[in-house]
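Some notes on the structure that comes next.
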Amino acid sequence: MVKLTPELIEQSAQFTNPVRDRELDLRGYKIPVIENLGATLDQFDTIDFTDNDIRKLDGFPLLKRLKSLLLSNNRIVRIAEGLDECIPNLEEVVLTNNNLQELGDLDNLTPLKNLKSLSLLRNPVTMKKHYRLYVVHKLPQVRLLDFRKVRLREREAAAQMFKGKRGQQLAREIGKRAKTFVPGAGIPEKKQQPTGPTKEEVDAIKAAIANASTLEEVEKLNMMLRSGQIPGQFKKGVVNDAEEVEEVEEMEAEMSNGAYH
């Protein structure tokens, strides 16, 4: 276990990633707490905390430039309040393979008005009834949830489910939060499972990035590559370009119709 110090930040890898963002690589240090990020001098668009021991998403100074947080394979059980005041321009959060338990535990992401992409795969919360519609209802700004585009029909279903007094009551009932977290207690150890894609899957996504015709496609594919989440059309090294293009076109059509506002 390594403390996140200004010295560690300074010596960690810093580079420009495939979507031309400045990225800080803090993978695999078994960092328990996010701290001392003021030492970054707000010079990064992306910070990668994959494969650490972080239990709470907090500890951020004001970082106006930060757009992407990669937090797969940690032990996160809590999301702090007030993140919008510290990281107001955050667009992407990858929380794959953490310990978020209850739907209400996600509510503190609501004020992040620029949040477009969120992954909660392999968190217990994804097994809750009405999980996806609850997130769509609470986070209408999110366009990509668990690497699946939020469809217009999902937004309509969520609006129908949670409308009126009965809908508000339902949201309160299912949106409970986990019990207060005590550091070092009550968190079951997780068996780390192999999560990385195969070489063939990585090659398939890289080929798709090279052939992408829009920035949206490049950003989505690069996010998949970095997080290790490979959708079905890539599983055997096969890329369905038509499907990707169709999805982007549908997203643009829905945006033009005000579906995301």
Whether the side chain of [X] engages the backbone of [Y] through a donor-acceptor N/O pair (distance < 3.5 Å, no angle test) should be reported.
X: Thr40; Y: Gln43; answer: no
X: Asp53; Y: Ile31; answer: no
X: Asn123; Y: Leu95; answer: yes
X: Asp45; Y: Arg22; answer: yes
X: Arg55; Y: Val77; answer: no
X: Arg132; Y: Thr126; answer: no
X: Asp146; Y: Leu120; answer: yes

Please tell me whether [X] and [Y] have a donor and an acceptor in their side chains that are separated by less than 3.5 angstrom.
X: Arg172; Y: Gln169; value: yes
X: Asn73; Y: Asp51; value: yes
X: Ser119; Y: Thr96; value: yes
X: Asn114; Y: Glu91; value: no

Checklist entry - Between CZ of Arg75 and CD1 of Ile54, what distance do you get to the nearest 0.5 Å? => result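 Result: 12.0 Å between the selected atoms.
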Item to check | Reported CD-to-CG distance for the pair Glu156 and Leu152, which is rounded to 0.5 angstrom | outcome: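 One finds 4.0 Å between CD of Glu156 and CG of Leu152.
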Going by heavy atoms in the side chains, are [X] and [Y] under 4.5 Å from each other?
X: Val142; Y: Val136; answer: no
X: Asn97; Y: Leu121; answer: no
X: Leu90; Y: Leu69; answer: yes
X: Leu103; Y: Lys176; answer: no
X: Thr16; Y: Asp21; answer: no
X: Tyr29; Y: Ser12; answer: yes
X: Leu112; Y: Leu83; answer: yes

Assess whether a salt bridge exists between [X] and [Y], defined as any Lys/Arg side-chain N lying under 4.0 Å from an Asp/Glu carboxylate O.
X: Lys64; Y: Asp42; result: no
X: Asp84; Y: Lys113; result: no
X: Lys128; Y: Glu102; result: yes

Checklist entry - Is there a path of hydrophobic side-chain contacts, each under 4.5 Å between heavy atoms of I, L, V, M, F, W or Y residues, that connects Met161 with Leu139? => result yes
Checklist entry - With hydrophobic residues grouped by side-chain heavy-atom distances under 4.5 Å, do Tyr131 and Leu100 end up in a single group? => result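 Tyr131 and Leu100: one cluster.
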Next on the checklist: With a sphere of 6.0 Å drawn around CD of Gln14, does it hold more than 12 non-hydrogen atoms of other residues, nucleotides or ligands?
Outcome noted: yes
Next on the checklist: Heavy-atom count check: over 12 atoms from other residues, nucleotides or ligands less than 6.0 Å from Glu10 CD?
Outcome noted: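 No, not enclosed.
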Could you pull out the closest heavy-atom pair between [X] and [Y], with the gap in Å?
X: Ile47; Y: Leu26; value: CG2-CD1, 4.0 Å
X: Ile174; Y: His130; value: CD1-CB, 4.1 Å
X: Asp58; Y: Ile34; value: O-CB, 3.2 Å
X: Pro32; Y: Val2; value: CD-O, 3.4 Å
X: Glu154; Y: Leu133; value: O-CD2, 3.6 Å
X: Leu70; Y: Glu92; value: CD2-OE2, 3.6 Å

Item to check | Aromatic plane relationship, Tyr134 with Phe162 - under 30° parallel, 30 to 60° tilted, over 60° perpendicular | outcome: perpendicular
Checklist entry - Out of Asn98, Thr50, Asp48, which one pairs with Ser72 under the side-chain contact (heavy atoms from CB on, under 4.5 Å) rule? => result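 Running side-chain contact (heavy atoms from CB on, under 4.5 Å) over Asn98, Thr50, Asp48 with Ser72 returns exactly one hit, Thr50.
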